[in-house]
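Structure first, commentary second.
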Amino acid sequence: CTIDRQHRNIRLKDPDLLKQLRVKRRVSGKIEPMTCKRHQEPDSIRRHGTVIRHHCPNQDLFILIAFSSVQTMAAVGLYAQFNELLLTAGRPEKQGPFCALCHNWNRIIIEVIKMQMADGDQVKRGEIDQATISSDILDSWLADDTTKDMVSMERPETGKSYFYIFNFLPYRHEFSNWTVTGVDAQYEPDNWAKAINSTNFRRAFLYAINPSVTLAVTAPEGYDNYKLHTITPPSFCANSKGVDYTECGGLANLSDFFDEAKAKEYRDAAVEELTAAGVTFPIKIQYPYNPAVVDWDKQCQVFKQQVEAVLNDGFDFISIIITQGPSDNFLNAVRRVGAYQLMSYYWGADYSDPETEVYPFYQEAGDRGTCYSFLRTGVEDGIVTGETADLVMQYMSMVENAKTITEDLDARYEAFADAEAFLIENALVIPLGMPVPPYIATRLNLWEGQYAPTGLSTNRLKGVHILDHYVSMDEYNANRDAR
């Protein structure tokens with residue numbers, strides 16, 4: 001199944017599936033909550049949102065596609081048209097049809113589910129072949145002899161990394177193809193604009209943040225294995241001598257940043273600098289999360305506690321205000337319109353070259369880019385000034401220079417590595433870590449699936465067997481080692 005983003009269609013490449021999913025007519029649809037009492041995991045099903053039903057009368061087959069964001073719906077041609085969902089005709093004649101559930105707000109993952117249908121309008125009860133085990137119930141599952149061998153993990157995503165971004169465009173801005181609304185007045189955007197111009201202020205966060213605390217929420221064991229001090233994850237690519245990209249150029253000089261003493265030194269310098277600039281304390285910092293993402297709210301809570309404990313020690317420096325964004329259309333409602341001041345987010349590489357890692361930060365002149373930090377726009381609008389404006393434009397120049405190096409691989413990698421190190425050292429972005437594979441209960445041998453370090457190959461389930469039992473952690477490790 002692929003998405004044609006230009007024409008907003010789903011294209012199914014499997015000819016057998018195409019035969020099964022002949023769309024006969026448009027009918028009125030409705031948003032329905034999905035519930036499942038099996039395994040005490042209603043939230044993992046209920047939060048998925050809008051349901052589209054495809055019925056294949058010959059096989060009593062339903063395919064339920066659930067979206068938790070309008071953004072994803074737009075990608076498949078269903079943007080904001082809740083009353084005109086694309087449905088097939090017919091209703092099931094029998095109970096117990098075979099169903100597949102596709103969900104996730106930024107991609108489509110297929111899970112296989114067998115469900116009993118009370119009638120054509122609601123799911124009564126089912127048997128789930130895969131479900132996420134959130135951190136608040138993980139301990140009880142591992143301690144229970146009846147469930148501990150049902151727990152394993154998702155396959156790791158090796159081409160993705162998480163980091164903290166500051167909003168350098170807290171005011172309204174009209175691009176030719178997009179509108180940024182900026183930070184709400186209650187979070188004092190004028191005060192923020194002054195603070196974000198201070199390198200001392202940003203570096204106070206660079207050294208105050210302990211990534212282990214956040215990562216431990218979803219990785220109770222081995223969380224330090226997921227920490228990063230770069231944006232590009234290790235083993236992403238290597239130069240002609242086999243040197244990992246993260247050991248090239250300026251990146252080779254970076255290591256873990258967390259250092260409470262240094263954080264307080266930069267904080268004290270920022271207080272003096274910002275007081276002279278008319279900043280009022282504590283500085284309000286809006287820090288949003290998506291409630292549809294498992295454990296993101298818990299990560300925000302521990303982040304706030306940990307960072308404020310460091311930076312507010314002896315002085316009321318900051319006030320991190322956690323806000324809940326919408327579970328639907330989160331990106332368009334929050335990050336892309338600049339409705340935040342600090343945020344944790346991620347980027348996934350599209351191809352195996354370091355140029356792909358600059359997209360969240362690099363902007364061409366006048367362009368909106370990928371709507372992450374709006375670094376260049378902040379300079380162009382006169383919000384980012386002085387030393388910070390110079391740093392931003394120097395980074396843009398470093399990227400532009402690196403992009404022109406196309407014949408010498410080693411020189412290209414070193415130039416991009418220098419640009420990334422420059423971005424981090426000046427706290428224009430703060431590394432966090434690699435994705436922690438979520439704990440799950442699954443009947444799928446996920447290690448049978450396709451793999452590529454970039455792109456979406458690992459999301460494909462072609463060739464993956466549905467087992468007659470749930471995969472234990474021992475079996476998960478054995479399946480991984482057998483590849």
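All residue numbers in this chain count up from 1 along the given sequence.
The closest donor-acceptor contact from the side chain of K304 to the backbone of I320 lies under 3.5 Å. Between the side chain of R335 and the main chain of C371, a donor-acceptor pair closer than 3.5 Å is present. A distance-only check finds no donor-acceptor pair linking the side chain of S327 to the backbone of A292 [under 3.5 Å]. Under the 3.5 Å distance criterion, the side-chain polar atoms of N191 are matched with a main-chain donor or acceptor of T280. At least one donor-acceptor pair closer than 3.5 Å links the side chain of Q306 to the backbone N or O of N210. No donor-acceptor pair closer than 3.5 Å links the side chain of N401 to the backbone N or O of S397. Between the side chain of E420 and the main chain of I231, a donor-acceptor pair closer than 3.5 Å is present. Between the side chain of E357 and the backbone N or O of A349, no donor-acceptor pair lies under 3.5 Å. Checking side-chain atoms of D295 against main-chain N and O of S135 turns up a donor-acceptor pair under 3.5 Å. For N445 (side chain) and V464 (main-chain N/O), no donor-acceptor pair under 3.5 Å exists by modelled atom type.
Between the CG atom of D139 and the CD1 atom of I133 there is a distance of 11.5 Å, given to the nearest 0.5 Å. Atom CG of L432 is separated from atom NE2 of H229 by 13.5 Å, given to the nearest 0.5 angstrom. Put simply, OG1 on T404 and CZ on R412 are 8.5 Å apart, with the number rounded to the nearest 0.5 Å. In this structure, OH on Y362 lies 9.0 Å from CD on E355, to the nearest 0.5 angstrom. Interatomic distance, CG of L215 versus CG of D224, reported as 8.0 Å (0.5 Å rounding). Annotation: the span from W192 atom CH2 to I285 atom CD1 amounts to 5.0 Å, rounded to 0.5 Å.
Scanning all heavy atoms of the two residues, the minimum distance from Y287 to C300 falls at CE2-SG, 3.5 Å. Across every non-hydrogen atom of L446 and R155, the tightest pair is O-NH1, 3.2 Å. Residues P435 and E157 share a closest heavy-atom pair of CD-O, 3.8 Å. Residues V337 and N332 approach most closely at CG1-O, 3.1 Å, considering heavy atoms. The shortest heavy-atom contact between Y413 and A238 is CE2-O, 3.3 Å. Nearest heavy-atom pair, P170 versus A193, reported as atom, atom and distance to 0.1 Å: CG-CB, 4.3 Å.
Ring orientation note: the planes of H173 and F175 are tilted relative to one another, at an angle of 30° to 60°. Classified by interplanar angle (parallel below 30°, tilted 30° to 60°, perpendicular above 60°), the ring pair Y266/Y207 is parallel.
For E387 and R203, the salt-bridge test fails: no basic side-chain N is under 4.0 Å from an acidic carboxylate O. A salt bridge is absent between D313 and R267; no separation between the charged side-chain nitrogens and carboxylate oxygens falls under 4.0 Å.
The shortest side-chain heavy-atom distance between L138 and V151 falls under the 4.5 Å cut-off. Residues Y223 and V436 are not in side-chain contact: their nearest non-hydrogen atoms beyond the backbone lie 4.5 Å or more apart. By the 4.5 Å heavy-atom criterion applied to side chains, F422 and L391 are counted as neighbours. The side-chain heavy atoms of T377 and R368, taken from C-beta on, include no pair separated by under 4.5 Å. Y395 is not listed as a side-chain neighbour of V429, based on a closest heavy-atom distance of 4.5 Å or more. For the pair R336 and W178, the minimum side-chain heavy-atom distance is below 4.5 Å. Within the 4.5 Å cutoff, no side-chain heavy atoms of Y162 are placed close to those of S344. Side-chain contact between L375 and L423 is present, with heavy atoms from C-beta onward closer than 4.5 Å.
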> Taking it one step at a time, do M393 and R376 satisfy side chain to side chain contact (heavy atoms under 4.5 Å, CB included)?
Replying inline: CA-CA 7 Å; M393 296 312 297; R376 190 168 195 151; 3.6 Å; yes
>> As a quick check of understanding, evaluate side chain to side chain contact (heavy atoms under 4.5 Å, CB included) for Q341 and E188, giving each step before the final call.
In response: CA-CA 10 Å; Q341 287 158 303; E188 301 175 356; 5.8 Å; no
>> Applying side chain to side chain contact (heavy atoms under 4.5 Å, CB included) to S373 and L428, what does each step give before you reach the verdict?
In response: CA-CA 9 Å; S373 294; L428 297 171; over 6 Å; no
> Could you walk me through whether T232 and F416 pass the side chain to side chain contact (heavy atoms under 4.5 Å, CB included) check?
Replying inline: CA-CA 11 Å; T232 305; F416 274 113; over 6 Å; no
> When you look at Y476 and T442, which way does the side-chain hydrogen bond (donor to acceptor under 3.5 Å, both in side chains) test go after all the steps?
Replying inline: CA-CA 10 Å; Y476 172 89; T442 183; over 6 Å; no
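Counted within 6.0 Å of OH on Y359, heavy atoms from surrounding residues, nucleotides or ligands total more than 12; the atom is thus considered enclosed. Heavy atoms from other residues, nucleotides or ligands lying under 6.0 Å from NZ of K262 number 12 at most.
Screening L342, T323, D184, V334 against Q286 for a side-chain contact (heavy atoms from CB on, under 4.5 Å) leaves a single residue, T323. Considering Y345, W347, F361 in turn, F361 is the only one that fulfils the ring pair (Phe, Tyr, Trp, His ring centres under 6.0 Å) rule with F163.
Between Y164 and F205, the distance from one ring center to the other does not fall under 6.0 angstrom. In this structure, F168 has its ring center at least 6.0 angstrom away from the ring center of F374.
Looking at residues two or more places apart in sequence or on another chain, you find no ring pair (Phe, Tyr, Trp, His ring centres under 6.0 Å) involving Y171.
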Identify every side-chain donor-acceptor pair in residues 268-276 under 3.5 Å, counting partners at least two apart or on other chains, and give the distances.
residue, atom, partner, partner atom, Å
E273, OE1, S198, OG, 2.9
E273, OE1, N200, ND2, 3.1
T275, OG1, V271, O, 2.6

